[in-house]
Amino acid sequence: MEEKERFVTEITPKSEDFSRWYTDVVRRAELADYTTVKGCMVIRPYGYATWEKVQECLDRRIKETGHQNAYFPMFIPESLLKKEAEHVEGFAPQVAWVTQGGDEQLEERLAIRPTSEAIICSMYSKWVRSWRDLPILINQWVNIVRWEKETRPFLRTREFLWQEGHTVHATEKEAEEETLKILEVYRDFIENDLAIPLIAGLKTESEKFAGALKTYAVEALMTDGKALQAGTSHHLGQHFAKAFDIKFEDKDQKMKYAWQTSWGVTTRLVGAIIMTHGDDSGLILPPKVAPIHVIIIPIPAAGWQKKVLPLVKEVERRLKGIELRVQADLREVYSPGWKFSEWEMRGVPLRLEIGMKEVAEKRAVAVRRDTGAKMLISLVDLEKEIPLLLAEIQNSLFKKAKKFLQDNTHTVDDYDKFKEIIKTKGGFIYSFWCGDPQCEQKIKEETTATIRALPLKPDHVPGGCVKCGRPSAQRVYFAKAY
RNA sequence: CGGGGCGUGGCGCAGUCUGGUAGCGCACCUGCUUUGGGAGCAGGGGGUCGGAGGUUCAAAUCCUCUCGCCCCGACCA
């Protein structure tokens with residue numbers, strides 16, 4: 001953006017310092033604020049309203065696919081957490097413990113859930129007796145605690161909000177289908193509602209969830225060239241069923257261990273929205289999850305209360321009438337210019353300006369947050385034009401992000417070039433990998449890039465591993481990750 | 001957990017090297033004039049300088065210890 005066009009000056013430009021830009025946006029848009037406990041942020045009303053929209057969009061899809069919401073306790077007895085060996089090993093370093101209640105020392109310490117497999121499986125073991133009890137399709141929206149060493153608002157906090165689905169099935173095939181179905185739910189939701197394009201794929205052994213058979217994930221690319229895991233769906237196999245004794249008598253009258261899945265997305269998605277769409281003026285919210293679709297700014301002049309105000313109210317009423325989220329900023333102590341900047345920082349998709357001129361000409365000035373484009377909208381067309389504009393903004397945000405993802409996905413066969421790209425512009429690198437965890441590890445050490453995903457639909461063109469040259473059946477996606 | 005940076009009114013900072021009892025911008029309060037890209041003028045309120053100890057006639061400033069936060073890496077959503 002040209003300097004003369006840069007109206008918002010309270011946010012560090014992206015190009016100058018991306019990390020600082022990010023935290024500036026979080027604070028200036030009043031999404032969240034820091035507290036005295038490291039890694040524990042307050043999600044402020046505007047940030048929480050955005051999260052609520054995200055929740056609404058996903059919750060609807062989760063329910064449409066046959067799942068029900070429930071609530072399980074946040075305290076998990078140590079003995080339960082320890083039942084699945086790989087699981088406890090993976091989470092042990094991040095668990096916060098309750099050892100005392102009031103003055104009383106607890107007999108057994110309680111983990112504050114870092115994820116709920118243990119507590120939920122302990123209940124499933126009681127509830128599952130017959131094939132008739134299956135499948136169990138449960139989801140919960142809760143808070144989670146993981147004692148992270150390094151924290152960043154929304155991206156990595158010690159306490160965060162998420163949804164976690166936990167399902168039980170009679171067969172491996174059903175569990176696998178569920179895992180992939182949810183992956184598709186996430187993809188559809190994140191691409192269509194959050195306008196964030198994704199790469200979906202399978203995780204390598206080293207990147208998969210502790211205790212899972214396999215982990216699928218959707219990965220997004222932030223505008224600083226780093227990948228962000230946006231959602232995960234795990235096929236747990238029978239690992240937890242065996243550890244927690246979840247057995248059922250099948251139609252063939254044999255006792256069998258159940259097959260399970262778990263899957264989740266977190267408040268990190270808010271961070272993904274910020275880093276995918278935001279610009280030097282602050283946040284840009286996709287209309288589908290924006291708490292406010294349209295902000296109306298009256299332009300005061302002598303006698304505006306009599307002439308301008310009634311029109312502002314009328315426009316507000318009419319747009320609310322077609323289910324749009326509209327707000328008129330009637331504060332008289334702030335100038336219109338001040339308000340423009342304020343609502344730009346907060347990422348409201350569309351602004352309407354209404355002054356004496358608009359009253360006279362029976363129209364409104366509309367300004368798109370994503371492009372800054374100004375246009376005149378005839379008042380008679382309001383109910384038709386505004387929804388079209390919002391849909392266009394939603395669409396355009398996705399297209400722009402999609403182009404960025406494509407432009408920054410590099411097919412690379414040369415290891416030096418691999419290193420060069422990771423060091424400079426970042427992005428996804430699509431290269432051959434032999435499948436050896438040692439090569440994966442070496443690449444990570446030497447380049448800081450990790451394998452983000454093995455493609456779901458391999459292109460089956462063989463080649464040589466970018467690191468060791470050994471034969472490889474398939475390219476995979478590498479990137480530096482959050 | 002390693003490396004770097006920073007703690008001074010609500011926010012951003014200066015003052016620290018060279019000790020002398022705290023200042024600037026924004027924000028806030030009052031009034032008037034204003035309002036089409038963060039309005040102007042006038043007046044005003046607010047900080048024992050992250051914390052503890054020490055040196056000194058005197059400490060934001062020097063010394064010791066400590067706590068916290070931010071950024072970059074290793075581990076994780």
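Chain A is the first sequence line, chain B the second, and so forth, proteins listed ahead of strands; every chain is numbered from 1.
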Quiz item: Among all residues two or more places apart in sequence or in another chain, which pass the side-chain hydrogen bond (donor to acceptor under 3.5 Å, both in side chains) test with A/Arg44?
Solution: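 side-chain hydrogen bond (donor to acceptor under 3.5 Å, both in side chains) check on A/Arg44 returns nothing, list empty.
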
Taking the side chain of [X] as heavy atoms from C-beta outward, which of [options] is closest to it?
{"X": "A/Val367", "options": "B/C28, B/G37, B/A39", "answer": "B/G37"}
{"X": "A/Lys374", "options": "B/G36, B/C75, B/G37", "answer": "B/G37"}
{"X": "A/Lys149", "options": "B/C1, B/G37, B/G38", "answer": "B/C1"}
{"X": "A/Val365", "options": "B/A39, B/G36, B/U35", "answer": "B/G36"}
{"X": "A/Arg351", "options": "B/G37, B/C28, B/G36", "answer": "B/G37"}
{"X": "A/Arg20", "options": "B/C72, B/G36, B/C13", "answer": "B/C13"}

Assigned partner base of [N], Watson-Crick or wobble definition, under 3.5 Å:
{"N": "B/U61", "answer": "none"}
{"N": "B/G12", "answer": "B/C24"}
{"N": "B/G68", "answer": "B/C6"}
{"N": "B/C1", "answer": "B/G73"}
{"N": "B/C49", "answer": "none"}
{"N": "B/C41", "answer": "B/G31"}

Write down the distance separating the [atom1] atoms in [N] and [M], rounded off to the nearest Å.
{"N": "B/G68", "M": "B/C29", "atom1": "C1'", "value": "32 Å"}
{"N": "B/U34", "M": "B/G19", "atom1": "C1'", "value": "48 Å"}
{"N": "B/G51", "M": "B/U8", "atom1": "C1'", "value": "14 Å"}
{"N": "B/U61", "M": "B/G44", "atom1": "C1'", "value": "30 Å"}
{"N": "B/U16", "M": "B/C63", "atom1": "C1'", "value": "14 Å"}
{"N": "B/C49", "M": "B/A14", "atom1": "C1'", "value": "13 Å"}
{"N": "B/G15", "M": "B/C62", "atom1": "P", "value": "12 Å"}
{"N": "B/C24", "M": "B/A42", "atom1": "P", "value": "15 Å"}

Exercise. Measure the acute angle between the ring planes of A/His234 and A/Phe209, then classify it against the limits of 30° and 60° as parallel, tilted or perpendicular.
Key: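 Correct class here is parallel.
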
Quiz item: Where does the angle between the aromatic ring planes of A/Tyr430 and A/Tyr477 fall among parallel (under 30°), tilted (30 to 60°) and perpendicular (over 60°)?
Solution: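 Judged by the thresholds at 30° and 60°, the geometry between A/Tyr430 and A/Tyr477 is parallel.
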
Exercise. Could you pick out which residue, A/Ser341 or A/Arg27, lies toward the 5' side of RNA chain B when each is mapped onto its nearest nucleotide?
Key: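 That would be A/Arg27.
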
Quiz item: Quick one: on RNA chain B, does A/Glu207 or A/Tyr22 contact a more 5' nucleotide (nearest heavy atom)?
Solution: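 Its nearest nucleotide lies further toward 5', so the answer is A/Tyr22.
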
Pair [X], [Y]: side-chain N/O donor-acceptor within cut-off below 3.5 Å:
{"X": "A/Thr261", "Y": "A/Trp263", "value": "yes"}
{"X": "A/Tyr124", "Y": "A/Gln260", "value": "no"}
{"X": "A/Thr157", "Y": "A/Glu148", "value": "no"}

Rounded interatomic separation in angstrom, taking [atom1] from [X] and [atom2] from [N]:
{"X": "A/Arg28", "N": "B/G10", "atom1": "CZ", "atom2": "C1'", "value": "12 Å"}
{"X": "A/Arg156", "N": "B/G73", "atom1": "CZ", "atom2": "P", "value": "12 Å"}
{"X": "A/Tyr482", "N": "B/A74", "atom1": "OH", "atom2": "C1'", "value": "17 Å"}
{"X": "A/Glu446", "N": "B/A74", "atom1": "CD", "atom2": "P", "value": "13 Å"}
{"X": "A/Glu332", "N": "B/U34", "atom1": "CD", "atom2": "C1'", "value": "12 Å"}
{"X": "A/Trp21", "N": "B/C70", "atom1": "CH2", "atom2": "P", "value": "18 Å"}
{"X": "A/Lys226", "N": "B/C71", "atom1": "NZ", "atom2": "P", "value": "11 Å"}
{"X": "A/Ile299", "N": "B/A39", "atom1": "CD1", "atom2": "P", "value": "12 Å"}

Would you indicate what [X] reaches in the nucleic acid, counting non-hydrogen atoms under 4.0 angstrom: base, sugar-phosphate, or nothing?
{"X": "A/Glu344", "answer": "base"}
{"X": "A/Gln94", "answer": "sugar-phosphate"}
{"X": "A/Ser19", "answer": "sugar-phosphate"}
{"X": "A/Phe91", "answer": "nothing"}
{"X": "A/Glu148", "answer": "base"}
{"X": "A/Glu164", "answer": "nothing"}
{"X": "A/Val265", "answer": "nothing"}
{"X": "A/Arg331", "answer": "nothing"}
{"X": "A/Thr448", "answer": "sugar-phosphate"}
{"X": "A/Lys339", "answer": "nothing"}
{"X": "A/Thr157", "answer": "base"}
{"X": "A/Thr23", "answer": "sugar-phosphate"}
{"X": "A/Leu155", "answer": "base"}

Practice problem: Would you mind listing every salt bridge (charged side-chain N to carboxylate O under 4.0 Å, His left out) that reaches into residues 215-227 of chain A, with sequence neighbours excluded? | Solution: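 Sorted pair list: A/Lys203-A/Glu219, A/Glu219-A/Arg452.
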
Quiz item: Hey, is the side chain of A/Arg152 poking within less than 4.0 Å of OP1 or OP2 on B/C71, counting only N and O atoms?
Solution: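 So the side-chain polar atoms of A/Arg152 do come within 4.0 Å of the phosphate oxygens OP1 or OP2 of B/C71, strictly under.
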
Quiz item: Checking only heavy atoms, does the side chain of A/Glu150 share a donor-acceptor pair with the base of B/G2 at less than 3.5 Å?
Solution: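 Absent.
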
Exercise. Evaluate the side chain to side chain contact (heavy atoms under 4.5 Å, CB included) criterion for residues A/Leu330 and A/Leu309: first the C-alpha distance (whole Å), next the side-chain angles of each, then the deciding distance (0.1 Å), finally the verdict.
Key: CA-CA 9 Å; A/Leu330 301 178; A/Leu309 193 56; 3.7 Å; yes

Exercise. Begin from the C-alpha positions of A/Ser378 and A/Lys362 and carry the test side-chain hydrogen bond (donor to acceptor under 3.5 Å, both in side chains) through to its verdict.
Key: CA-CA 6 Å; A/Ser378 170; A/Lys362 295 185 167 41; over 6 Å; no

